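Reading through the structure tokens given below for one structure.
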Amino acid sequence: MIKSGSREFSKNATKFLSAVSLSVLAVGTAHAQDAAAENAAAETAPAEEGDAIVVTGFRASLEAALNLKRDSVAAVDAIVAEDIAKFPDQNLAESLQRIPGISISRDGGEGRSITVRGLSSQFTRVRVNGMETIATSTDGASANRDRAFDFNVFASELFSSLVVRKTAEASLDEGSLGAVVDLNTGNPLAGRAGLNGALSVVGSYNDLAKDLGPRVAGLLSWRNDAGTLGASISAAYSKTSTLELGNNSVRWAQARFDGVDATNCFTTTNSGGTYVPSAACDRAATTFHPRIPRYGEVAHERERLGLTGSVQYSPSDATKLSIDALFSKYDASREEQWGEVLLRSNERSINVVNPIYDANNNMIAATLNDAWVRTEHYLRESQTKFYQVGGTWDQDVTDNLRFTALGGVSKSNADIPVETTVIFDDRDAMGYSYDYRDMARPKLTFGTSVMDPANFQLAEIRDRPSNVTNRFKTAQLRTEWDVSENITLKAGAVWRRFNFDAEAYTRDTAVCGNGGTSLVTSTAGTITCSASSLFGPTAVYGFAVTPALSQAFSLGNAGQPAGNSNGWIVPNLAATTAFTGLYSRALVNDAGNIRGVQETTKGAYLQADAKGDVFGVEYALNAGIRYAKTDQSSYGLVSGVNATVTRSYDDWLPSANLALYPTESTIVRFAVADVMTRPTLGSLTPGGSADGFNYRVTSGNPFLAPFRATNYDLSLEWYFAPQAVLSLALFQKDVGTFTQSASITGATFAQTGLPASVLSPASPAALNPAQQLEPRWTLATTVNGSGAKLKGLELAAQIPFSAFTDGMLSNFGILANATFIDSNATFNVQGPAIAPGGALQSAVISNTLGNVTKKAFNGTLYYDDGKFSARGMLSYRGRYHEGASGTGNILEGYGATTNFDASVRYKLTEWMEVSVEGNNLLDTYRYRFTDFDADRNYENNHFGRTILFGARFKM
């Protein structure tokens, strides 16, 4: 149940000397964390016959975390000191997944967000040094533009402890249905007197990218002999390259084709005319086919720098002043190269040959003629900068009265200056075939040469710069009064202001519109374009592709079967962007994504803590109530006009936690609380954005009510030996309301009230304005859904073999946990069309809550004799959906995953340790489906194994 994470510092071995010189200047937390863990363990180590048994190293950190859990009245799990340092985890998310009830979502091969007891990251509040924090990034497949905390922004090296609070208290910040996660940096006054330091140099190698990257970090801390003044500064730096290889369908859809086998489906070929019903055409039109079947490569480059600083002054035992600062800079690039067929919106011109259908209403295999073959090259460059500065004043007014005053500011700036796509098309390709009989590993074969530039035209250019900025300010006062030896009253007040501002722009355009002169001027001038109704080799829809504009791409190990097409040309981004003058084109407002929210919270709480005994059974409890008033102002585009909407609401949130101690080694805990989480930020902004590719307009709803729930918890913990525990926890969350998507279909674009300027100029709806008038648009918004219930069971064990044996076997131990969750919620969805070319059908279905995994397991077998240590860690997360899908699919999500990590360490001296670690040693594939029951492939990718090797030093 207690887990640890890699706090190791890496550096490219080929540049070892420069790494060491850089590392000496850098600072980290390794030594201070070791000392904290060892001190905590030494204080609690048992004594036998006058000889103190002092536990050090990894087992000391486990014991320190266990003591924190045991001493809490509420349900708490933690990771302390060396736990973080010694798991091969790339960031905090991967560290946290070792805790019972926590699962993670990975993006680009790294952990990014967490799910606690079945509730996704939007239901988890995160605090850094006691101050709530919002940290967003633009890594992976998408930008986080919401309340969810992106743990990949921070290296785990920077933190001394992670504490997960699973039950609510009145004195704990509101806003969580799942948990409050506390991330704590160094505490210099808790360290040893004098100057202390640590350094770690590690190389990180990914076997898909074939790249060796640096990971370095270090720490400097100082405390005077009197223990009244201390300071620390730490830093962690890493640079990694990983590859993501696999396939992608970009969802499945229904549509009418030009012909099926020898049957014409329309009165004219390729375009125009009317539909002619037939058994072959109707079946092809009402079954689902992949929209953009493709294989490709995604290259991730990540550079992460983190800095922390802390100064503490305690002139007396009654006073302590602390200033803490945290800075993180996270640069990432994502480069994609795809070979595909664009069925989406182009089915009208495609002839289907030899279709094969399955029992789930899918056309799982077929050959396509007059297919729209496309290759594309995508590059996104992003940077996230985060800083936080906070101050704390802890003061004992009298022996019985004390207070803590806290204030601070934080800012997270996620910037995408470049998000470019350039596209080559061959719009009348013959003999393309796809075969999804193995959904995870389809066979995709091009029938014409995709290595010959003469077969392609440069048809489309895109660039979409954007920015999301979050700002947070807070001031809090917390007081405690010991009424008696057994009763303490706590009261406090809080003010918080959170600002979310997003802006986005486009340079998108198709080279040709519907005939006439090209919409793009190249270095060679303009061209004369054909009407969009013209098909065949004489059609002109882009610039002729020359060898100078293209580059060859060869697909590596993407899990593809034999016979798959594995090579094609893609646009050379430097050459094509210069040729088309893409970056000199004027930016156009992406009006639907220029929006924001300001949220101000004022609140207070009153809580009573008590301890004693009843009928000979000791107890500890806390009970209280928290009040929060939320003032919200949001802005966005409504019917082409910027609008601002304001509202206010308040919440009274009672809670209680009770711990009973029937014996010295057992604890029974009970908890009940009313809790709330505010709606997602994207849902709160008014107005909407239009998707001219999928004919969908999505608008926000600034009047959404918060998620509100009543949580119940019951747990039993048995501490049967030092460093050991067996525990069982039952929990239930009665969710009064949650949000979900609501849609209507069969509308025209004019009914949305939005101007045509919000459409991407490269989208089918913009290129063919008549389609704006067709009743094919889906209008979607977010509404409050009916209640839902979630209940679950957590089992956890921390078992050192020393509890049963001695000798070498006593150095082994097991950490294991399992979580089982049952939930039920009702969703309003848009299901498949019944008639060929008909509208999607509204439906009401029941399923688990979004992001809820029914089963999750984590297990670790470790050996630690104080000099040599080794660990193997297995993590399993079951299948789950993320909520509404699109294009007639119902609930999309991810398949089950199993990950295995390992670590081996050897302490050469008291001040030097060497290590070898492995992350994702099973090279697990991430399978994503686009329909929960039909299991239609969305993507199936893998990221390779990462090996870390190096040394850590301390003084």
Side-chain angles (χ1 to χ4, degrees), residues 3 5 74-79 91-107 111-137 144-154 156 159 161-169 172-184 386 410 412 470 472 496 498 500 599 601 628 653 655 671 673-683 706-709 711 713 729 731 733 735 738-739 790 792 794 819 821 823 849-853 856 877 880 882-883:
K3 63 111 183 162
V76 167
D77 282 295
I79 309 162
N91 58 52
L92 294 175
E94 295 179 16
S95 296
L96 285 164
Q97 70 174 325
R98 318 295 177 188
I99 285 179
I102 293 184
S103 299
I104 70 170
S105 297
R106 295 175 183 262
D107 202 348
R112 181 172 181 178
S113 60
I114 67 171
T115 295
V116 182
R117 289 183 167 179
L119 293 176
S120 64
S121 54
Q122 78 175 89
F123 299 103
T124 299
R125 297 278 69 78
V126 176
R127 305 190 300 185
V128 175
N129 296 325
M131 193 176 94
E132 185 174 356
T133 300
I134 301 292
T136 60
S137 75
N144 174 11
R145 300 169 181 261
D146 224 317
R147 301 180 191 275
F149 186 91
D150 278 351
F151 287 93
N152 57 350
V153 172
F154 301 111
S156 54
F159 298 89
S161 68
L162 314 180
V163 180
V164 180
R165 306 179 187 277
K166 296 180 179 177
T167 59
E169 300 180 47
L172 199 62
D173 291 340
E174 86 286 345
S176 164
L177 264 63
V180 173
V181 177
D182 279 318
L183 312 178
N184 302 302
F386 172 89
S410 68
S412 178
N470 291 311
F472 181 72
R496 295 192 297 262
F498 174 57
F500 160 86
E599 193 174 79
T601 302
L653 304 170
S655 61
D674 284 343
V675 293
M676 60 87 76
T677 290
R678 297 172 179 89
T680 61
L681 295 163
S683 300
F707 300 82
R708 294 186 173 100
N711 290 353
D713 293 82
F731 54 89
K733 302 178 186 292
V735 183
F738 65 97
T739 63
L790 180 150
E794 283 178 10
T819 305
I821 298 175
S823 70
L849 279 165
N851 292 280
V852 171
T853 298
R877 183 178 186 182
Y880 65 97
E882 291 188 308

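Only this structure's heavy atoms are used, side chains among them; waters, hydrogens and symmetry mates stay out. Fair warning: this is a prediction, and the values are worked out from it, not measured in the lab.
In this structure, the side chains of Met131 and Phe472 come closer than 4.5 Å at one or more pairs of heavy atoms. The shortest side-chain heavy-atom distance between Tyr880 and Asn851 falls under the 4.5 Å cut-off. With contacts defined as side-chain heavy-atom distances shorter than 4.5 Å, the pair Val116/Phe123 does not qualify. Under the 4.5 Å side-chain criterion, counting only non-hydrogen atoms from C-beta, Asn184 is in contact with Asn129. Counting only heavy atoms from C-beta outward, the side chains of Ser823 and Lys733 never approach each other to under 4.5 Å. By the 4.5 Å heavy-atom criterion applied to side chains, Val735 and Leu790 are not counted as neighbours.
In terms of heavy-atom proximity, Ala856 sits nearest to Ser103 at CB-OG, 3.6 Å. Residues Ala75 and Thr167 come closest through the heavy atom pair N-OG1, 3.1 Å. For Lys166 against Ala179, the heavy-atom pair with the smallest separation is CA-CB, 4.4 Å.
For the ring-ring contact (aromatic ring centres under 6.0 Å, His included) test, no residue two or more places apart in sequence or in another chain qualifies with Phe731. Checked against salt bridge (charged side-chain N to carboxylate O under 4.0 Å, His left out), Asp674 has no partners two or more places apart in sequence or in another chain.
Side-chain atoms of Ser161 never come within 3.5 Å of backbone atoms of Ile79 as a donor-acceptor pair (strictly under, hydrogens ignored). Side-chain N or O atoms of Arg125 include one that pairs as donor or acceptor with a backbone N or O of Gly175 at under 3.5 Å.
Checking Val181, Val164, Leu119, Ile99 one by one against Ile114, the side-chain contact (heavy atoms from CB on, under 4.5 Å) holds for a single residue, Val181.
A salt bridge links Asp173 to Arg127: one of the charged nitrogens lies within less than 4.0 Å of a carboxylate oxygen.
The OG1 atom of Thr115 sits 11.5 Å away from the CG atom of Leu849 when rounded to the nearest 0.5 Å.
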